[in-house]
Amino acid sequence: MAAQLSPQQLTEKHRPTLDQALDAIRTRAYWSPHPEHPKAYGESAPADGLAAFKALRGTRVDLDQPGTDGWTGGEVSPYGPELGVEYPHADIDVLLPAMRAGMSAWRVAGPETRALVSLEILARISARTHEFAHAVMHTSGQAFMMAFQAGGPHAQDRGLEAVAYAYREQTGTPDDADWSKPQGKRDPLELRKSFTAAPRGVSLLIGCNTFPTWNGYPGLFASLATGNPVLVKPHPRAVLPLALTVQVAREVLAETGFDPNLVALAAERPGEGIAKTLAVRPEIKIIDYTGSTAFGDWLETNARQAQVYTEKAGVNTVLVDSTDNYKGMLANLAFSLSLYSGQMCTTPQNLLIPRDGITTDAGPKSYDEVVADLAASVSGLLGDDARANGLLGALVNPDVKGRLDAAGSLGDVALPSREIVNADFPDAVVRTPVIVKADGSRKQWDAAEGGSGAEAPYLAECFGPVSFAVAVDSTEEGLELLRRTVRDKGAMTVGAYTTSPETERAVEDVCLEELAQLSLNLTGGVYVNQTAAFSDFHGSGGNPAANAALCDAAFVANRFRTVEVRRQA
């Protein structure tokens, strides 16, 4: 039997980290307790993590869950190999009541204990970061270093950030209060009041294929820290990272004296499609989802019994007006378009460039010159195959390849995609980005909006390594197209390059009015498609791309309700 962790041990180990996280979300300064560099985990950690991952292949992840009625699996790495891992398949009618059984004790434990237990779960995941990195790599197609950082420390940071917000929101109201209302000559009215953060019920996490931990941990830990059991339903192509997460969570809950069934896994059989069934169960009171707009909209419409938090899809846009660092702008954009083959919800898709060109520190550049120079920058960045493999990773599924192959029919191709061989994984599908020229004249998007013309290809999300160099009639027209795109299609990110204070203010106004996160004049080592936990908000929750932000108070506050008990004093 595993050793038990006492409340005092949890406090001594994790309260300082919780306090630092609370300070970080207040100051928005850089902070992370999870190292980004692989060597920080010990000399043997890389080999040990790889060995642990290899040992998982061809095995069963046994979680000792109630209601297990069989086994399922079938993941195939985007790099080629079959993982051969099997997971328990749950009889939901048995599992959900078992999950609810532990809620009372978990509620009574209070916000601080729940936060500290959550931090112990994160600490144990952090200790296995190398193992988790391989699991993320071979389910998402991310290159190893990205899988290590985004799937490891950055995901753990987002989970910790959610715990900090949850703790802060739950402790904003006192546990007890004495209430006395004067009545003039009569005795005052006196009551003793208590206030308890009460969980809503079972929380359902519907995982995504591309970032199973990074997108999964905020909702998982926000719900757990606010007292809710969490049922994890991974994407069928990316089960392993979340199954390992559930395994760690169940171990920690048991060792801290709580019901391990507060966290459970719902793996599905091929073609079973259980997300819709689970989403409308009356026991499910919270849903976290990252994925397609169509299913996100379905959840928001049909899962009426639950609080639904969605991150869907948008058309991310960069307005290029002018720059005082042309070379830096091109390098920054080239990296942003290439990272993980554009398979990020934050990758720029549309680059709005005035038809008459832009002013730069290298002299005036025409639209065609900007597009050609950007294409050359991408080609230079990815010219070495080893470097390209390290940035691009592998295409996550055939749908992405299909969109890439079809891009040539959408307009004049300024940068064709090329195939790259991965020497370590020859079955991986690795392709460089494609850039397509497009006409962004007002008459085209006016016609589409009025229903008298076909919608331009760049007005719909084209997930993957496909971007559009959209020629607009002027910066002002570009601003209007940006506004319409964010309003109608949504955007997780907006970028802009300008040396004009007036244009900068105009872009800010658009983003403030349409509720989109903006990055201005990035020319260094920070990119529009990256966000830092504790400081940056991922999405705004205010446009069609997502109804929630990672992470703010709104992301956690409605996962619990404050229940008051009044007693006569």
Side-chain angles (χ1 to χ4, degrees), residues 72 74-75 78 90 92 96 139-141 202-220 222-223 230-239 241-242 265-316 342-347 349 395-403 455 459-464 466 488-492 538-550 555 558-559:
T72 185
E75 290 156 294
I92 297 301
L96 286 175
T139 51
S140 70
V202 179
S203 180
L204 173 65
L205 168 63
I206 303 174
C208 70
N209 194 174
T210 49
F211 289 89
T213 55
W214 197 98
N215 278 111
Y217 283 5
L220 191 162
S223 284
V230 182
L231 180 60
V232 177
K233 204 297 291 181
H235 191 285
R237 291 194 187 103
V239 183
L242 291 178
L265 184 76
E268 57 189 311
R269 297 188 175 107
E272 189 176 7
I274 61 174
K276 278 190 174 182
T277 304
L278 289 172
V280 296
R281 294 273 307 211
E283 302 96 329
I284 301 299
K285 300 300 184 184
I286 301 166
I287 298 174
D288 287 281
Y289 168 75
T290 300
S292 73
T293 296
F295 191 58
D297 290 344
W298 185 92
L299 288 170
E300 291 171 6
T301 301
N302 293 281
R304 304 299 294 273
Q305 84 293 347
Q307 294 293 314
V308 179
Y309 300 89
T310 60
E311 182 193 308
K312 299 176 288 190
V315 177
N316 301 317
Q343 298 171 124
M344 304 172 69
C345 63
T346 49
T347 300
Q349 175 178 300
L395 299 189
V396 69
N397 61 51
D399 292 340
V400 175
K401 183 177 182 297
R403 285 189 287 272
E455 186 173 74
L459 292 177
E461 187 198 30
C462 191
F463 182 75
V466 178
D488 296 344
K489 306 296 182 178
M492 295 299 294
H538 174 75
S540 70
N543 67 64
N547 74 358
L550 303 180
F555 186 69
N558 217 12
R559 294 171 192 264

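Only heavy atoms go into these numbers, but all of them, side chains included; no hydrogens, no water, no symmetry mates. Counting from 1, the numbers follow the sequence of the chain as shown.
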Got a second to check how far [X]'s [atom1] is from [Y]'s [atom2], nearest 0.5 Å?
X	Y	atom1	atom2	result
S223	Y309	OG	OH	7.5 Å
E311	T293	CD	OG1	10.5 Å
N215	L205	CG	CG	9.5 Å
L96	L231	CG	CG	6.0 Å

Residues two or more places apart in sequence or in another chain: which of them pass side-chain contact (heavy atoms from CB on, under 4.5 Å) with [X]?
X	answer
E300	D297, V308, T310, K312, N547
P218	R158, L550, F555
S292	Y289, A294, F295
P78	A394

message: Assess the residue pair M344 and M492 against the criterion (side chain to side chain contact (heavy atoms under 4.5 Å, CB included)); give the C-alpha distance rounded to whole Å, side-chain angles, the decisive distance to 0.1 Å, and a yes or no.
response: CA-CA 10 Å; M344 304 172 69; M492 295 299 294; over 6 Å; no

Do [X] side-chain atoms and [Y] backbone N/O form a donor-acceptor pair below 3.5 Å?
X	Y	result
E283	V202	no
N209	H235	no
Q343	T210	no
E75	V239	yes

Where is the tightest heavy-atom contact between [X] and [Y], given as atom of each residue plus distance?
X	Y	answer
T213	P241	CG2-CB, 3.9 Å
C345	N316	O-ND2, 2.8 Å
L395	V400	CD2-CG1, 4.0 Å
A238	C208	CB-O, 4.0 Å
A306	I286	CB-N, 3.9 Å
N302	V280	O-CG1, 3.8 Å

- request: Show the numbers, then the answer: is there a side chain to side chain contact (heavy atoms under 4.5 Å, CB included) between E272 and T277?
  value: CA-CA 10 Å; E272 189 176 7; T277 304; over 6 Å; no

Is [Y] close to [X] at the side-chain level, that is, under 4.5 Å between some pair of heavy atoms?
X	Y	result
I206	L299	yes
H538	T346	yes
K489	E461	no

task: Determine which pairs satisfy salt bridge (charged side-chain N to carboxylate O under 4.0 Å, His left out) with at least one residue from residues 284-295, sequence neighbours left out, and list them in order.
output: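 Pairs touching residues 284-295 that pass the test: D288-R559.
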
task: Output all residues satisfying salt bridge (charged side-chain N to carboxylate O under 4.0 Å, His left out) with E268, sequence neighbours left out; order by chain, then residue number.
output: K233

